[in-house]
**Q** 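Please see the structure below; I have some questions.
Convention: sequence-line order gives letters A, B, ...; per-chain numbering from 1.
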Amino acid sequence: MYDFKKIEKKWQNYWEENETFKTDIWDFTKPKFYALDMFPYPSGVGLHAGHPEGYTATDMVARMKKMQGYNVLHPMGWDAFGLPAEQYAINTGNHPEKFTFENIKTFKTQLKSLGFAYDWNREISTTDPTYYKWTQWIFKQLYQDGYAKYVDMPVNWCEELGTVLSNDEVIDGKSERGGFPVIRKNMKQWVMDIPAYAEKLLNNLETLDWPESTKEIQRNWIGKSIGALVDFKVLNSNQTFTVFTTRCDTLFGATYCVLAPEHKIVNEITTKEQKEIVEEYQKMCATKSELERTELNKEKTGVFTGAYAINPVNNKEIPIWISDYVLATYGTGAIMAVPAHDDRDYEFAKKFNLPIIQVLEQETGETKENEILKNSIVAIVHDKEKDQYLTINWHKNGGRLFIGGTIEENETPLECAFREVLEETGYADIELIQETFKIRHHYYAYNKDKYFQIECTGFLFELKSADKQNQNLDEDEAFDIEWVSKDTVLEEIKDALHSKTFEYVQNGGAMTEDGIHINSEFLNGLNKEEAIEKMIEWLEAHQVGKKQINYRLRDWIFARQRYWGEPVPIVHMENGTDYVLEDSELPLILPTMDDYKGKNGKAPLENAEQWKQVEINGVKGTRETSTMPGSAGSSWYFLRYIDPNNDEKLADPELLKHWLPVDLYVGGPEHAVGHLLYARFWNEYLYDKGIVPVQEPFQKLVHQGMILGENGIKMGKRYPEYVVNPTDVVESHGADSLRLYEMFMGPLQADKPWSQTGLEGSKKFLDRVYRIFEEGKVVECTTPELERIYHQTVKKVTNDYETLNFNTAISQMMIFINAVYKEEKISKEYAEHFIQLLNPVCPHITEEIWHTFLGHNTTIAESTWPTYEEEKTKEDTYEMIVQVNGKVRGKIEVSVNTSKEEMETIAKEIENVKTHLEGKEIVKIITVPQKLVNIVIK
RNA sequence: GCUCGUAUGGCGGAAUUGGUAGACGCGAUAGACUCAAAAUCUAUUUUCCGCAAGGAAGUCUCGGUUCAAGUCCGAGUACGAGCACCA
């Protein structure tokens, strides 16, 4: 039996004493490999089961790469600043600094007990002044280049946490940490102009080997949309406003405009009569929290300003409303409303009875020459009680249809619909429910032998009484009147016009699909794409608008009114200017305070009187008292690992050039937009400054999945009995068993439930491996039976480690060990190489065997990775499959050299195949060499 | 609502990318060792019919392409994630 407790401690000490995993950073003679984990936030509760998963993955690749002759950089550090640390400190009555220090100590001990091959000489902490000196220095560059700005803007304010939050820290209108309500509020804030990099951040995604889902999330978050700006004049005023729209082709359908309640011209254009109600509405919106705003979005609200705008394309006067469904922070904070073709505008128009003008029309049927033009209707009558629809069945002469007809002279479409229903079915007592959008339809009338083009209006009626009058039919009208269910309608009404009309009736709402423009003067007859292009041309020619690209990505709010973060190296001077600290004044050290809690919504550093008050060149000033957000320090830490002790530069340029980019980056998917976007932004900025040599810092990114509790539910406070603590597992089963099990559970990227018996199975495998050596199964021998499987194992394990398919690599090693047990012996060479293959997953037991049983006196970590011979992985016979009509009817062992002809002959000789072929005609035979023969019979 | 992703035995999961579905592990059953238990070793284990040989069904559902579909195409369902009045 192997004593994992003794062994693991022993080799951890050995690696530490011998600095086995120290990186010689200046050794450029070997190819480099930079394996990086997302550094942890050292919480008070220590490691959880998910940490070892991602860390083991990078550790395995790092260890293999080292044995393959790479110079490997595999560092670890601490993302120790930020809200959670401070919040936890407050809740437990600790000082954040002391508390963080202790947590780091715990984390480090725990990580060491798992045997990770980190170079601890390169350990960094974002809270270390020698580190945050450079965070401040980068901020300074950004400030001087105009990307860090101090602006008055609406922000996410969390009263409970007493700070502003960035967009990615607000989830469903609540703070990510603590779940406290967040409101919008105007405040003077530090922000980063990340939208300036939106296009680069978007385009570079294409070049990255990242999960497609993560790239998609970033694309959505950046939210590029191509549209146009259109200027509107306000009637009887010299005011104008500009709207942003992606659908400028629908401008002829604009029947009103909406401004965000906060829009700056609202107060100036509002008429006397409307003033009171407008101000009341503005006040109501201002006090709504984000959550209330989203919860209330089911019902549209808004008020009329009394003012009118002039539609630049047709000079029509349209009313200007304000509503909170228009956001002040997106586009221009103003929209033109086209209720016919936008769901939100449609809903608003319906509620406030605003006009709806259709400017796009769908086309059905096939266009023919010499069509006769007509206007017509489709009338759908619904019987609410029976939930049935009135149809007429033309049988062979046109199938099932609703009631349709041609509009006569001096008749409105609605009058026509009433008349047709009465004439054809005799029902008179019906009530109009809905008029739908018009559809252009092309068809052939068999009874008239002519092609028609009709513009057709659809109607939905409700049957009020089943009383019938006499029908009034033409002679050639032979049909049955039938009431049918919705399912029958969907199944049997095949006519494109009628089924489309039914679709409109069912869905309600705006017509948002593409179509052909109508009621739009110079756009008539064009589709959406063509019309947008033409409209932009027109707007630009008339100088009332232009093409515009808009991003959803907002400024990154870069200040927190909290204590535990990097101080911002800015002084607000008495004379109104801002002074940025000289490089020689960095780092600006966070003052030690006894009371680090803010009061009355003020930042804690406001209370650091001595620290705050400064005098520069005879002018008095006060330091900025906000601190940087948690994601500041984590936006460049991967650079600092390369040169962690440099006090001249953030890192030596030569080293950066050699070591970047990160070759493998592993971390949770929860950082898809926060950290991973901010870090890309800073890196891209530093690239533009010539400081960093690569545009993208993380070439290959992988997200490890979540380790769920044994109940299949996320481990956490809700089911404490299912929480697995890795430290306990190290105690009970050993670090090697834990590492092996977590890698064997399933694909790295998938969420996987914990299984205690599964863990024990992994431990059993290690016992089984150890016993081979303990029981002296390693002997001087040749084992030809093992040769093929050995080479296959080296091949599969090497490839699978490379592609991070650790679960299948491990299963191959199990197959190998099973084979060894079957042979009951193994040569020293094979045993030695197997131990090397196992080493990246289970470094302790393999190091022990390497020394004790295999007699080495240097570390296995510096041994050379085994190689395989492709020829020897191949079998010389295989099991040929014989199918008859695609069903397996026989299997037979044949040589790999069997020719196609031989394969067919052998196949037909098999007893069971013969019985299936008996009395049948062979149509053809498909033969796949080294695989199968499929005989097709009739 | 929109955008992604996933779906395979009792369970975790394999399947060379269109060619034997269920590798490997867990669990279960039986046997060996043992006074006994644990540990260990050996065998069986998708379901159904059959003593067996063998046969039938089977990768969320329905349909299609193909000699051949877990894999490709079309429609749908369920679960998960992201976004959500983004004009």
**Q** Would you classify A:Asn550 as touching base, sugar-phosphate or nothing, given that sugar-phosphate means primed atoms plus P, OP1 and OP2, and contacts are heavy atoms under 4.0 Å?
**A** nothing
**Q** Ignoring hydrogens and angles, state whether a donor on the side chain of A:Arg552 or A:Asn220 is under 3.5 Å from an acceptor on the partner side chain.
**A**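 Short answer, no.
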**Q** Answer with base, sugar-phosphate or nothing: what part of the nucleic acid does A:His703 contact at a heavy-atom distance below 4.0 Å?
**A**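 No contact at all - A:His703 keeps every heavy atom at 4.0 Å or more from the nucleic acid.
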**Q** Does one side chain, of A:Thr898 or A:Tyr878, offer a donor that lies under 3.5 Å from an acceptor on the other?
**A** no
**Q** So what does A:Val928 hit on the nucleic acid, given a heavy-atom distance under 4.0 Å: a base, only sugar-phosphate, or nothing?
**A**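 Here A:Val928 touches the bases of the nucleic acid.
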**Q** Under 4.0 Å, heavy atoms only, any strand: does A:Asn807 hit a base, just the sugar-phosphate, or nothing?
**A** sugar-phosphate
**Q** State whether A:Tyr330 places a side-chain N or O below 4.0 Å from either non-bridging phosphate oxygen (OP1 or OP2) of B:rA87.
**A**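 Yes, within the criterion.
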**Q** Just checking A:Arg889: base, sugar-phosphate only, or nothing, at a heavy-atom cut-off of under 4.0 Å?
**A**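 Sugar-phosphate contact only.
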**Q** Please give the distance between the C1' atoms of B:rC60 and B:rU71 as a whole number of Å.
**A**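 The same atom, C1', in both gives a distance of 15 Å.
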**Q** Counting only side-chain nitrogens and oxygens, does A:His916 get under 4.0 Å of the OP1 or OP2 atom of B:rG55?
**A**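 Yes, within the criterion.
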**Q** Identify the pairs formed between an N or O of the protein and an N or O of nucleotides 41-50 of chain B at a distance under 3.5 Å, and give each distance.
**A**
{"residue": "B:rC41", "atom": "OP1", "partner": "A:Arg768", "partner atom": "NH1", "Å": "2.4"}

**Q** For A:Glu875 and A:Gln930, does a side-chain donor sit closer than 3.5 Å to a side-chain acceptor?
**A** no
**Q** Tell me the interatomic distance from A:Ile222, atom CD1, to B:rA84, atom C1', rounded to whole angstroms.
**A** 18 Å
**Q** Quantified in whole Å, what is the C1' atom distance between nucleotide B:rG22 and nucleotide B:rA7?
**A** 16 Å
**Q** Syn or anti for B:rU34, with syn set at within 90° of 0?
**A**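 That one's anti.
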**Q** With heavy atoms under 4.0 Å as the rule, sort A:Asp751 into base, sugar-phosphate or nothing.
**A**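 The answer is sugar-phosphate, as A:Asp751 gets under 4.0 Å only of primed atoms, P, OP1 or OP2.
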**Q** According to the interplanar angle, ranging from 0 to 90°, do the rings of A:Phe765 and A:Phe834 count as parallel (below 30°), tilted (30 to 60°) or perpendicular (above 60°)?
**A** perpendicular
**Q** Below the 4.0 Å mark, does B:rA87 have OP1 or OP2 next to a side-chain nitrogen or oxygen of A:Ser225?
**A** yes
**Q** With a 4.0 Å cut-off on heavy atoms, is A:Ile926 in touch with a base, just the backbone sugar-phosphate, or nothing at all?
**A** base
**Q** As a test of reading the structure: which of B:rA87, B:rA84, B:rC85 is closest to the side chain of A:Thr246, going by heavy atoms?
**A** B:rA87
**Q** Tell me whether the OP1 or OP2 atom of B:rC67 has a side-chain N or O from A:Lys924 closer than 4.0 Å.
**A** yes
**Q** Hey, is the side chain of A:Lys887 poking within less than 4.0 Å of OP1 or OP2 on B:rA57, counting only N and O atoms?
**A** yes
**Q** Under 4.0 angstrom, heavy atoms only, what part of the nucleic acid is A:Gln883 near: base, sugar-phosphate, or nothing?
**A** base
**Q** Below 3.5 Å, does any donor atom in the side chain of A:Asn934 face an acceptor in the base of B:rC67, or the other way round?
**A**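 Checked by distance alone, the answer is yes.
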**Q** Could you tell me whether the phosphate oxygens of B:rG55, OP1 or OP2, come under 4.0 Å of any side-chain nitrogen or oxygen in A:Asn912?
**A** yes
**Q** Looking at residues at least two apart in the chain, or sitting in another chain, which of them share a side-chain hydrogen bond (donor to acceptor under 3.5 Å, both in side chains) with A:Thr808?
**A** A:Asp800
**Q** Contact class for A:Glu879 (heavy atom, under 4.0 Å): base, sugar-phosphate, or nothing?
**A** base
**Q** Only counting residues at least two apart or in another chain, list the ones meeting side-chain hydrogen bond (donor to acceptor under 3.5 Å, both in side chains) with A:Lys547.
**A** none
**Q** Scan A:Pro747 against the nucleic acid and name what it touches under 4.0 Å (heavy atoms): base, sugar-phosphate only, or nothing.
**A**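 Since only primed, P, OP1 and OP2 atoms lie under 4.0 Å of A:Pro747, the category is sugar-phosphate.
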**Q** Does B:rA75 have a Watson-Crick or wobble mate here (both distances under 3.5 Å), and if so which one?
**A**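 Check on B:rA75: paired to B:rU61, both distances under 3.5 Å.
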**Q** Select base, sugar-phosphate, or nothing to describe what A:Ile881 touches, counting heavy atoms under 4.0 Å on all strands.
**A** base
